[in-house]
Amino acid sequence: MKKVLLSAIVAILMASPAFAVITGSAHDFSGMLPTVTTEICVYCHTPHNADTTVTNAPLWDHTTTTASYTLYSSATLNATMAQPSGISKLCLSCHDNTVAVDSFGVNAGASTISVAVPGTTANLGTNLGDDHPVGFLYDSALASADGGLNDPGTTTAVSDLLFAGQMECASCHDVHNNGPATASALLRVDNAGSALCLTCHAK
């Protein structure tokens with residue numbers, strides 16, 4: 001009976017949209033690093049012995065970066081910037097190229113993102129000065145001070161993209177590729193006509 005139930009659960013998961021979209025996406029490393037594993041989810045998650053210090057993602061299993069970053073800066077920036085934390089730090093645990101993509105569980109890892117995906121533009125490094133700022137509080141006060149941002153207090157489309165009121169990597173990017181079918185770069189909103197940008201920026 002248990003085997004039948006387990007088989008049914010696996011079949012449902014494999015047929016679900018969340019499972020289907022990550023398969024073959026930019027975050028499916030099962031074919032890129034086959035010497036490690038052909039599993040898909042294990043690069044980030046584990047059903048047992050997860051890292052309980054990580055509260056921003058369920059059952060986290062990947063080595064977390066300890067890097068310090070050069071942050072985005074601009075004379076027109078009204079947000080208060082700080083070192084990335086929370087969910088953005090988990091993203092950077094592959095994308096800053098200091099931690100191997102295959103560094104999870106007891107596996108030390110050997111392939112950073114530049115090795116796993118040669119020539120990728122997803123290798124951000126530790127200089128985030130030329131990337132959209134993340135890890136800052138995006139609230140009504142910021143929108144008012146900036147004058148060119150939509151107010152998350154009155155615009156649900158903006159507040160839906162935030163994590164505990166913070167602008168994070170995952171505000172624009174969906175790690176599980178559940179965004180619109182026409183989106184590129186794992187976007188949460190199709191950026192045709194700059195629609196994703198215009199969700200927050202009132203231009």
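Small disclaimer: the values here were computed from a predicted structure and weren't measured.
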Applied to residues 153-165, the side chain to side chain donor-acceptor pair (under 3.5 Å) test, sequence neighbours excluded, yields none
I need the full list of side chain to side chain donor-acceptor pair (under 3.5 Å) pairs touching residues 87-101, with sequence neighbours left out, sorted by first then second residue.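 Sorted pair list: Thr65-Asp96, Thr65-Thr98, Tyr69-Asp96, Ser88-Glu168, Asp96-Thr98, Asn97-Thr112, Asn97-Ser114.
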List the residues meeting side chain to side chain donor-acceptor pair (under 3.5 Å) with [X], not counting sequence neighbours, and say none if there are none.
{"X": "Asp51", "answer": "Thr53"}
{"X": "Thr76", "answer": "Ser74"}
{"X": "Ser140", "answer": "Asp151"}
{"X": "Thr199", "answer": "none"}

Pairs touching residues 109-160 that satisfy ring-ring contact (aromatic ring centres under 6.0 Å, His included), sequence neighbours left out: none
ring-ring contact (aromatic ring centres under 6.0 Å, His included) contacts touching residues 140-172 (sequence neighbours left out): none
Test side-chain contact (heavy atoms from CB on, under 4.5 Å) applied to Val175 and Ile87, step by step: CA-CA 11 Å; Val175 66; Ile87 199 166; over 6 Å; no
Out of curiosity, [X] [atom1] to [Y] [atom2], how far, rounded to the nearest 0.5 Å?
{"X": "Asp174", "Y": "Arg188", "atom1": "CG", "atom2": "CZ", "answer": "6.5 Å"}
{"X": "Leu196", "Y": "His173", "atom1": "CG", "atom2": "NE2", "answer": "8.0 Å"}
{"X": "His27", "Y": "Ile40", "atom1": "NE2", "atom2": "CD1", "answer": "13.0 Å"}
{"X": "Cys200", "Y": "Leu162", "atom1": "SG", "atom2": "CG", "answer": "6.5 Å"}

Side-chain ([X]) to main-chain ([Y]) donor-acceptor, under 3.5 angstrom:
{"X": "Asn150", "Y": "Leu198", "result": "yes"}
{"X": "Ser25", "Y": "Asn177", "result": "no"}
{"X": "Asn107", "Y": "Asp102", "result": "yes"}
{"X": "Asn123", "Y": "Ile113", "result": "no"}

Shortest non-hydrogen contact between Thr64 and Val54, atoms and distance: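 So the two residues come closest at OG1-CG2, 4.1 Å.
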Can you sort out the partners of Leu137 under side chain to side chain contact (heavy atoms under 4.5 Å, CB included), two or more places apart, ordered by chain and number? Asp139, Gln166
Set of residues satisfying side chain to side chain contact (heavy atoms under 4.5 Å, CB included) with respect to Asn127, sequence neighbours excluded: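 Testing Asn127 for side chain to side chain contact (heavy atoms under 4.5 Å, CB included), a comparison that skips the adjacent residues, returns Thr70.
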In this structure, would [X] and [Y] fall into the same cluster of hydrophobic residues linked by side-chain contacts under 4.5 Å?
{"X": "Val101", "Y": "Leu90", "value": "no"}
{"X": "Val189", "Y": "Leu187", "value": "yes"}
{"X": "Val99", "Y": "Val115", "value": "no"}
{"X": "Met167", "Y": "Leu71", "value": "yes"}

Could you tell me which residues satisfy ring pair (Phe, Tyr, Trp, His ring centres under 6.0 Å) with His45, sequence neighbours excluded, listed by chain and number? Trp60
Holding to ring pair (Phe, Tyr, Trp, His ring centres under 6.0 Å), I want the full list of residues that pass it with Phe104, two or more places apart in sequence or in another chain.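 Once residues adjacent in sequence are excluded, the partners of Phe104 under the ring pair (Phe, Tyr, Trp, His ring centres under 6.0 Å) criterion are Tyr43.
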Test item: Asn78 and Leu149 side chains (from C-beta on) under 4.5 Å apart, heavy atoms: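 The answer is no; the side chains never approach within 4.5 Å.
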May I ask you to test the Cys197-Asn191 pair for a side-chain heavy-atom distance under 4.5 Å? yes
For atom CG of Asp130, decide whether the heavy atoms of other residues, nucleotides or ligands shown that lie under 6.0 angstrom number more than 12. yes
